[in-house]
Protein chains: 2
Amino acid sequence: MSKAARSDTPSGRLTLLTLARDLGVSRATVSNAYNRPDQLSPALRARILARAAELGFTGPDPMARGLRRGRVGAVGVLVDESLSYAFSDPTSVLFLDGLAREVQADGLGLLLHPALRDPAALRALADAAVDAWVVQSLPDGHPAVGVVSSRGRPVVVVDQPALPGVPVVGIDDASGATTAVRHLTRLGHRRLAVLAMPLGCDRRQGRADTERQRSAEYAVMRRRLAGAAAAVAEADLDWADVPVVEVAANEPDAAARAAAELLTGPDRPTGVFASTDQLALGVVRAARDLGLAVPGDLSVVGFDDSPAARSAEPPLTTVAQPLRDRGQRVGVLVRAALRGEEVGVPAPAVVGLVVRSSTAPPPGARGRR
Amino acid sequence: MSKAARSDTPSGRLTLLTLARDLGVSRATVSNAYNRPDQLSPALRARILARAAELGFTGPDPMARGLRRGRVGAVGVLVDESLSYAFSDPTSVLFLDGLAREVQADGLGLLLHPALRDPAALRALADAAVDAWVVQSLPDGHPAVGVVSSRGRPVVVVDQPALPGVPVVGIDDASGATTAVRHLTRLGHRRLAVLAMPLGCDRRQGRADTERQRSAEYAVMRRRLAGAAAAVAEADLDWADVPVVEVAANEPDAAARAAAELLTGPDRPTGVFASTDQLALGVVRAARDLGLAVPGDLSVVGFDDSPAARSAEPPLTTVAQPLRDRGQRVGVLVRAALRGEEVGVPAPAVVGLVVRSSTAPPPGARGRR
DNA sequence: ACTATCGTCTGGATCGTTACAGAAACCACG
DNA sequence: CGTGGTTTCTGTAACGATCCAGACGATAGT
């Protein structure tokens with residue numbers, strides 16, 4: 001009979017039809033053997049599956065099935081620029097892990113695409129076969145976001161950018177930052193500084209004036225800076241006097257270089273709010289290299305509560321956001337949208353400060369509080 | 001005319017046909033406007049694209065195109081167990097980055113799937129729409145490997161497992177390990193120990209006897225241990241006397257716990273070969289916690305030359321393998337296979353020792369060499 | 001004995017696109 | 001004015017599956 005099968009399909013490609021002809025049943029029945037076991041007798045199903053294994057047929061073609069059913073089993077993830085950045089940032093890693101675990105339940109994989117700006121890459125995005133898109137923390141107005149959201153598939157945004165009618169899973173960045181900076185001012189710090197991730201795509205670095213802050217392309221940074229500014233004002237200090245230093249990349253190394261400069265001046269800050277833990281780790285390292293004790297000479301507050309913050313030396317005081325949870329929550333929204341449910345925009349999660357050992361009253365202060 | 005378009009497709013779904021009817025041209029022409037600009041006049045093409053934008057048509061449906069062309073624009077990556085592991089291991093991160101960069105050139109994305117063993121997950125793998133599969137360092141006989149390789153698409157394996165007729169991108173693990181251990185013995189170390197990643201999927205940990213070593217499911221570990229054994233024999237030592245400790249996970253924390261035990265015994269080793277840098281970092285930390293100086297009291301050699309090895313304190317002596325390059329090489333093979341070229345099995349790359357500051361002669365040795 | 005119901009299985013239509021062969025129009029040339 | 005060669009566009013046939021309405025017996029209810 002395998003002879004018949006061969007001669008029927010000279011091409012040699014194995015399809016449902018091949019198998020159906022070989023067994024003398026209809027295509028629909030073979031299809032049902034794979035997709036709806038209740039639609040045919042167990043005996044016939046067993047016979048079909050056995051013969052399939054014999055012939056080396058491994059099941060229906062994913063693309064054909066995808067076309068017919070309107071599903072491919074993939075959730076697209078649009079990650080910022082290079083994948084290596086997305087992977088090296090622990091924040092991102094935990095997020096992806098949480099997301100992957102959640103969507104796994106429906107047999108979905110993650111299709112990673114970097115959000116590049118050149119036409120070829122944009123075309124590749126438009127052509128990507130996915131059931132839904134997850135946009136992971138991209139700057140406002142990034143062209144790739146437009147491309148994926150115009151495809152008509154469900155979209156879930158993480159953190160940024162805000163899109164009309166699209167659910168965003170995020171946190172209350174502003175109040176988180178306020179809490180962090182307030183912690184410093186309550187400890188008595190009056191000379192503060194802030195470290196920021198890149199505010200735009202122009203790779204600029206160094207001191208960022210208020211204009212630059214307000215026009216930052218990353219909404220998350222805008223919000224965190226605004227939150228920090230609020231706490232500063234609350235303490236009767238002038239935000240314009242607080243140096244905001246933009247770091248070239250969200251990495252400890254880059255932050256350490258930026259911080260070194262900040263910490264060598266005559267009236268160096270006694271308290272630094274680093275807007276991510278990665279940056280905070282760099283500040284701590286820079287301080288150590290300069291012979292400054294943390295928290296004795298310098299207090300450092302981070303943001304995110306990444307695993308590294310916990311195991312750092314000293315353990316970082318930081319704003320805790322539930323990293324893996326976020327991934328899971330995005331996954332839940334994606335699955336719901338794929339089931340056709342109308343998903344609302346969830347409220348941003350509130351975040352709390354975790355006080356560890358990287359903060360203390362400024363040197364010379366007598367524990368005023 | 002937009003009225004006509006609407007009434008033609010009551011469903012409201014926008015397809016090539018919708019657009020073609022609206023413009024009074026054939027589907028093929030619209031298709032060509034997207035895929036073969038040279039097949040129609042620039043004027044008509046512009047008209048089509050303009051009207052498409054007006055109507056909100058974002059281009060041909062990826063799945064239908066996938067079915068017709070036999071391509072979906074995705075390279076499947078089979079990663080070990082949880083994605084978080086794949087992401088937290090720097091080795092893996094750099095690999096994926098290199099791979100992604102390379103395949104990007106053809107507009108391909110990476111479809112990540114964890115290699116689970118339950119039937120539902122295996123079914124999801126079989127149903128995944130990909131153009132090719134990359135198997136990233138899985139244990140011998142993992143069922144997921146069988147599933148993806150039986151799909152009839154090109155497969156490229158990284159490191160392990162060896163599959164008949166399938167190209168493997170890997171390194172000469174054995175000679176790398178030999179070099180590493182030889183470095184220790186040449187320095188004069190006689191009391192050695194070895195740390196190994198998990199050797200099987202049974203989550204076992206602790207001392208691994210030679211039987212366990214030989215039957216390790218991970219070929220990479222088998223080879224590295226064999227290489228280490230060769231160097232030990234070369235130095236007239238008995239491999240059976242060298243404790244090989246299996247660590248529960250390839251993470252510094254787990255390694256530190258395992259090492260702590262190893263370093264507290266009466267005749268503790270003076271030289272440790274950690275079979276990955278992650279493990280080596282853990283050993284260094286454990287030593288520091290016990291008040292042992294590295295390399296003064298204890299020499300540690302790693303494997304991989306991950307970024308962390310370079311910036312560690314002290315910088316690690318390690319076996320260097322070109323991590324991002326590997327990803328790129330895999331990408332090149334995948335692209336070639338997708339172009340229909342016959343790809344051969346490349347020879348494993350040779351690796352060299354990078355001597356940094358985590359190794360020195362054993363305490364009490366007078367610089368014999 | 002005559003429907004009603006159920007469990008199985010089939011045939012044809014359909015998903016939205018691209019490949020391919022060929023038709024129509026146009027140009028230049030002898 | 002026919003001839004050959006482009007350029008530009010069209011119609012039809014796949015691609016490989018799933019969905020749906022119904023056919024066909026067999027069983028059961030009345």
Side-chain angles (χ1 to χ4, degrees), chain A residues 5 8-48 52 55 57-73 123 126-129 131 151-153, chain B residues 5 8-48 52 55 57-73 123 126-129 131 151-153:
Chain A
D8 271 356
T9 31
S11 79
R13 187 109 157 71
L14 246 41
T15 76
L16 282 192
L17 183 63
T18 322
L19 199 56
R21 287 229 250 266
D22 179 276
L23 288 158
V25 298
S26 86
R27 298 197 303 269
T29 303
V30 180
S31 172
N32 285 333
Y34 284 93
N35 302 308
R36 305 207 203 156
D38 57 314
Q39 293 292 312
L40 74 174
S41 69
L44 178 55
R45 181 169 129 95
R47 195 157 68 90
I48 292 177
L55 253 43
F57 177 73
T58 44
D61 180 275
M63 297 182 212
R65 145 192 302 236
L67 171 60
R68 189 62 242 243
R69 300 232 279 213
R71 287 286 157 82
V72 264
R123 181 67 205 276
D127 288 347
D131 299 329
R151 259 318 340 187
R153 301 257 163 208
Chain B
D8 270 359
T9 30
S11 78
R13 187 110 160 70
L14 246 41
T15 74
L16 280 193
L17 183 62
T18 321
L19 199 56
R21 286 230 251 266
D22 179 276
L23 287 158
V25 299
S26 85
R27 297 196 302 264
T29 303
V30 180
S31 172
N32 284 333
Y34 284 93
N35 303 308
R36 304 208 204 153
D38 57 312
Q39 293 292 309
L40 74 174
S41 69
L44 178 56
R45 180 170 131 95
R47 196 157 66 89
I48 293 177
L55 255 45
F57 178 73
T58 44
D61 179 274
M63 295 182 216
R65 145 190 303 230
L67 171 59
R68 185 65 241 241
R69 301 232 276 213
R71 286 285 157 82
V72 266
R123 181 67 204 276
D127 287 347
D131 299 329
R151 261 309 356 179
R153 301 256 162 208

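Order of the sequence lines sets the chain letters (A, B, ...), proteins ahead of strands, with each chain counted from 1.
- Using a 4.0 Å cut-off on heavy atoms, the residues of residues 23-33 of chain B that approach DNA chain C are B:R27, B:A28, B:S31, listed by number.
- No engagement by B:R71 is indicated, since no non-hydrogen atom pair under 4.0 Å with the nucleic acid exists.
- Annotation: side chain of B:R47 is in contact with side chain of B:L44 (closest heavy-atom distance under 4.5 Å).
- Residue B:L67 places its side chain closer to C:dG16 than to any other of C:dT17, C:dG16, D:dT18.
- Closest to the B:A64 side chain, of the nucleotides D:dC9, D:dG16, C:dG16, is C:dG16.
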Tell me, what's DNA chain C's dot-bracket, Watson-Crick or G-U with both distances under 3.5 Å, | for other-strand, [ ] crossing?
||||||||||||||||||||||||||||||

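- Across A:V30, A:V25, A:T29, a single residue satisfies side-chain contact (heavy atoms from CB on, under 4.5 Å) together with A:L19, and that is A:V30.
- For C:dT18, its base sits under 3.5 Å from the side chain of B:R68 at one donor and acceptor pair at least.
- Residue B:R65 contributes atom CZ, which lies 21 Å from atom P of D:dA17 at whole-angstrom precision.
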Give the C-alpha distance, both sets of side-chain angles, the deciding distance and a yes or no for salt bridge (charged side-chain N to carboxylate O under 4.0 Å, His left out) between A:D127 and B:R69.
CA-CA 12 Å; A:D127 288 347; B:R69 301 232 276 213; over 6 Å; no

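- Looking at heavy-atom distances under 4.0 Å, A:L40 makes contact with sugar-phosphate atoms alone, never a base.
- Checked against D:dT18, D:dT8, D:dG16, the side chain of A:T15 finds its nearest nucleotide in D:dG16.
- Proximity note for A:P60 (side chain, C-beta onward) versus C:dG16, D:dT18, D:dC9: the nearest is D:dT18.
- Both B:D38 and A:L16 sit near DNA chain D, but only B:D38 has its closest nucleotide nearer the 5' end.
- For B:S41, the listed nucleotide lying nearest its side chain is D:dC9; candidates were C:dT8, C:dG16, D:dC9.
- Side chain of A:D22 to main chain of A:T18: no donor-acceptor pair is present (N/O by atom type, distance under 3.5 Å, no hydrogens or angles).
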